[in-house]
Amino acid sequence: MHHVLVVDDEAVIREGMRRILESDTIRVESVASGRSAIDKIQEKDFDVVITDLKMPGMDGLEVLKTIKILQPDVPVIIITGYSTVVTAVEAMKSGAFDYIAKPFSPEQISDKVQKALIRKAAFTENGFLKKEVHKFHGFDNFIGESPEMQKVYRRILQVAPTESTVLITGESGTGKELVARAIHKKSPRHEQPFVAVDCTSLAENLLESELFGHVKGSFTGAVQSKIGLFKVADCGTLFLDEISNISLTTQAKLLRVLQERVITPIGDTRPVPIDIRLIASTNRDLMAMVAEGTFRDDLLYRIKVIPVNLPPLRERQGDVSLLINHFLRKFSEDMGKDIRGFAPDALELLEDYNFPGNVREMENIIERSVVLCEGDVINRCDMELRWEKEERGPAQGFVPQSLEELKETKKQLREQAVEPIEKAFVINALKRNNWNISQAAEETGMLRTNFHALMKKLGISAKFEQKNHV
């Protein structure tokens, strides 16, 4: 079965395409906007994409350029009522497979789709990228063979050679900076600076000075001029870690920098041109922050050209034992100890734990265990853990004894309080939209991927809930 995606803001075009193309061998899906198309492309593979050129928001050329990064072997056919040589040439230069002007006949579009399917089949037989990714048992400084991490490795390979802005999302401790460094290392800028900025570690006025620089005397304490990190990273990559922590004022300035590619140091009036590739990361839901008014939607769309989502360790099937063995070897060698492994009860405890602090927490636990181990096998007592084998919630009277325990306790309490309202929110949205996930997401103002992720988190299946609510 071949899968074709149609992207057009006109319902009549979408329906017409479906009627023309759908058959026993072709299944057609359609969306009304460029951003919805990108969500779809990230959820599943398509054999051909047909997109209108002129659409509100993200236009057809932007869709084309993003698809060429996410699924570079997918042929894209551009359709438009604005048939000009200039737009046709631009589309073909950007990687379009073909170009067709409205109005077109059913035979014309069917012929182009058939030719595109032949091209896609040739790419699939070659399968270079899939073979390249398949061999990875790890990737740069990552350890992991799980399907979830294979997707991350593939995305790094796809986005690294481009100049596209990347937004890395994931819980604390999942390795967002490692992804940023891997992208830089495999990019054409790899010989230029990689500059990482922790947006949580600096006060607002200091963050602006760090990013954009300042001139002498521009504020109290500015005893000499300073070059900003945007300029330090010139010709290289700037990584803004936890970008959700910057204020709306700094967000506005950052947006201007990304749009105009110039910075103005504090106290100066002369713009300074820059040439950087921006990578940002966050452990928060930026769409929710946009809804709250604490993050600019225009900045979000500017930085989320290519998203990379890092899975938490608990969702990386099979990777826990690999990571345990890796860190055990690493710290044993670093400390000059000959440790053969873990006692069975200690290993079982580690394998049953859900690691709220993810890989970083595991690394800390194993380092501590190696330091405290006095023999050649790590026992449970060497690990000095404060949890039981079965995961426990925050029982009455329980007082956290570490930062990680405090974070996990707060997280559990929030989830227990919020989950019932989240379930009601999702199920009611699905009910109102006849259990159609895409329509429910659109009505509630969420991206389909975020809405689906919320359903998955809550254990909600549209088909199952529909049967139980008939």
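All values below were derived from every heavy atom in this structure, side-chain atoms included, with hydrogens, water molecules and symmetry-related copies excluded.
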- Message: If you apply the rule side-chain contact (heavy atoms from CB on, under 4.5 Å), what do you find for V166 with R155, and how did you get there?
- Response: CA-CA 10 Å; V166 178; R155 182 59 60 87; over 6 Å; no

- Query: Where do T264 and R256 land on the side-chain contact (heavy atoms from CB on, under 4.5 Å) test, with the steps shown first?
  - Reply: CA-CA 10 Å; T264 304; R256 180 174 175 271; 3.9 Å; yes

- Task: Supply the atom-to-atom distance Q192 CD to T237 OG1, rounded to the nearest 0.5 angstrom.
- Result: 9.5 Å

- Item | Backbone N/O of D275 and side chain of D234: donor-acceptor pair under 3.5 Å | yes

- Message: For E210, is there an ion pair with K226 - N to carboxylate O distance below 4.0 angstrom?
- Response: yes

- Side-chain heavy atoms of S187 within contact of H184, under 4.5 Å: yes

- Task: Decide yes or no on side-chain contact (heavy atoms from CB on, under 4.5 Å) for I263 and F212, but give the supporting numbers first.
- Result: CA-CA 6 Å; I263 58 169; F212 308 124; 4.1 Å; yes

- Task: Mind checking the CE-CD1 spacing from M289 to I243? Nearest 0.5 Å is all I need.
- Result: 10.0 Å

- Message: Can a side-chain donor-acceptor contact be found between S369 and D382 if the only test is distance below 3.5 angstrom?
- Response: no

- Task: Output yes when a side-chain donor or acceptor of D52 lies under 3.5 Å from a complementary backbone atom of M55, and no otherwise.
- Result: no

- Message: Does I227, at its CD1 atom, have more than 12 non-hydrogen atoms belonging to other residues, nucleotides or ligands within less than 6.0 Å?
- Response: no

- Salt-bridge present (R189, E163; N to O < 4.0 Å): yes

- Task: Indicate yes or no: does E442 engage R448 in a salt bridge with an N to O separation below 4.0 Å.
- Result: no

- Task: Any ring pair (Phe, Tyr, Trp, His ring centres under 6.0 Å) involving residues 43-67? Give me the pairs, sequence neighbours left out, ordered by first then second residue.
- Result: none

- From T165 atom OG1 to R277 atom CZ, the distance as rounded to the nearest 0.5 Å: 7.5 Å

- Is there a side-chain contact (heavy atoms from CB on, under 4.5 Å) between T51 and D8 once you walk through the steps? CA-CA 6 Å; T51 179; D8 201 297; over 6 Å; no

- Task: Check whether any side-chain N or O of T444 sits under 3.5 Å from a backbone N or O of A441 as a donor-acceptor pair, and report yes or no.
- Result: yes

- Among M362, E363, R368, the one residue meeting side-chain contact (heavy atoms from CB on, under 4.5 Å) with I366: M362

- Task: Could you grab the distance from atom OG of S33 to atom CE of M58, nearest 0.5 Å is fine?
- Result: 9.0 Å

- Item | Residue pair I50 / L5, side-chain heavy-atom distance below 4.5 Å | no

- Message: I'd like to know if the side chain of H214 and the backbone of Q224 have a donor-acceptor N/O pair within less than 3.5 Å.
- Response: yes

- Query: Do you know the tightest heavy-atom contact between Q251 and I246?
  - Reply: NE2-O, 3.0 Å

- Query: At their closest point, which heavy atom of A160 faces which heavy atom of I183, and how far apart are they?
  - Reply: CB-O, 3.6 Å

- Task: Taking atom types as modelled, find out whether D319 and S146 have a side-chain donor-acceptor pair closer than 3.5 angstrom.
- Result: yes

- Task: Nearest 0.5 Å please: distance from the NZ atom of K44 over to the NE2 atom of H3.
- Result: 5.0 Å

- Message: Within 45 degrees of the ring normal and closer than 6.0 Å to the centroid, is that where the cationic atom of R35 sits relative to Y301?
- Response: yes

- Task: Among T282, I279, L229, L211, find the one that has a side-chain contact (heavy atoms from CB on, under 4.5 Å) with L240.
- Result: L211

- What distance separates D241 CG from E177 CD, expressed to the nearest 0.5 Å? 6.0 Å

- Query: Does the pair D334/K330 count as a salt bridge with the N-to-O cut at 4.0 Å?
  - Reply: yes

- Item | Closest contact, heavy atoms only, A233 versus I276 | O-CG2, 3.4 Å

- Query: Do the ring planes of F331 and F327 sit parallel (below 30°), tilted (30 to 60°) or perpendicular (above 60°)?
  - Reply: parallel

- Query: More than 12 heavy atoms of other residues, nucleotides or ligands under 6.0 Å from CD of E292: is that the case?
  - Reply: yes

- Test: R314 and E171 ion pair at under 4.0 Å: yes

- Query: Which atoms form the tightest heavy-atom contact between L328 and G341, and what is the distance?
  - Reply: CD2-CA, 3.6 Å

- Between V262 and I274, the two heavy atoms sitting closest are N-CG1, 4.2 Å

- Task: Ignoring hydrogens and angles, state whether a donor on the side chain of T200 or N245 is under 3.5 Å from an acceptor on the partner side chain.
- Result: no

- Task: Check each of I78, V74, I77 against F97 using the side-chain contact (heavy atoms from CB on, under 4.5 Å) test, and report the only one that passes.
- Result: I77

- Any idea which heavy atoms bring V7 and A37 closest together, and the distance? CG2-CB, 3.6 Å

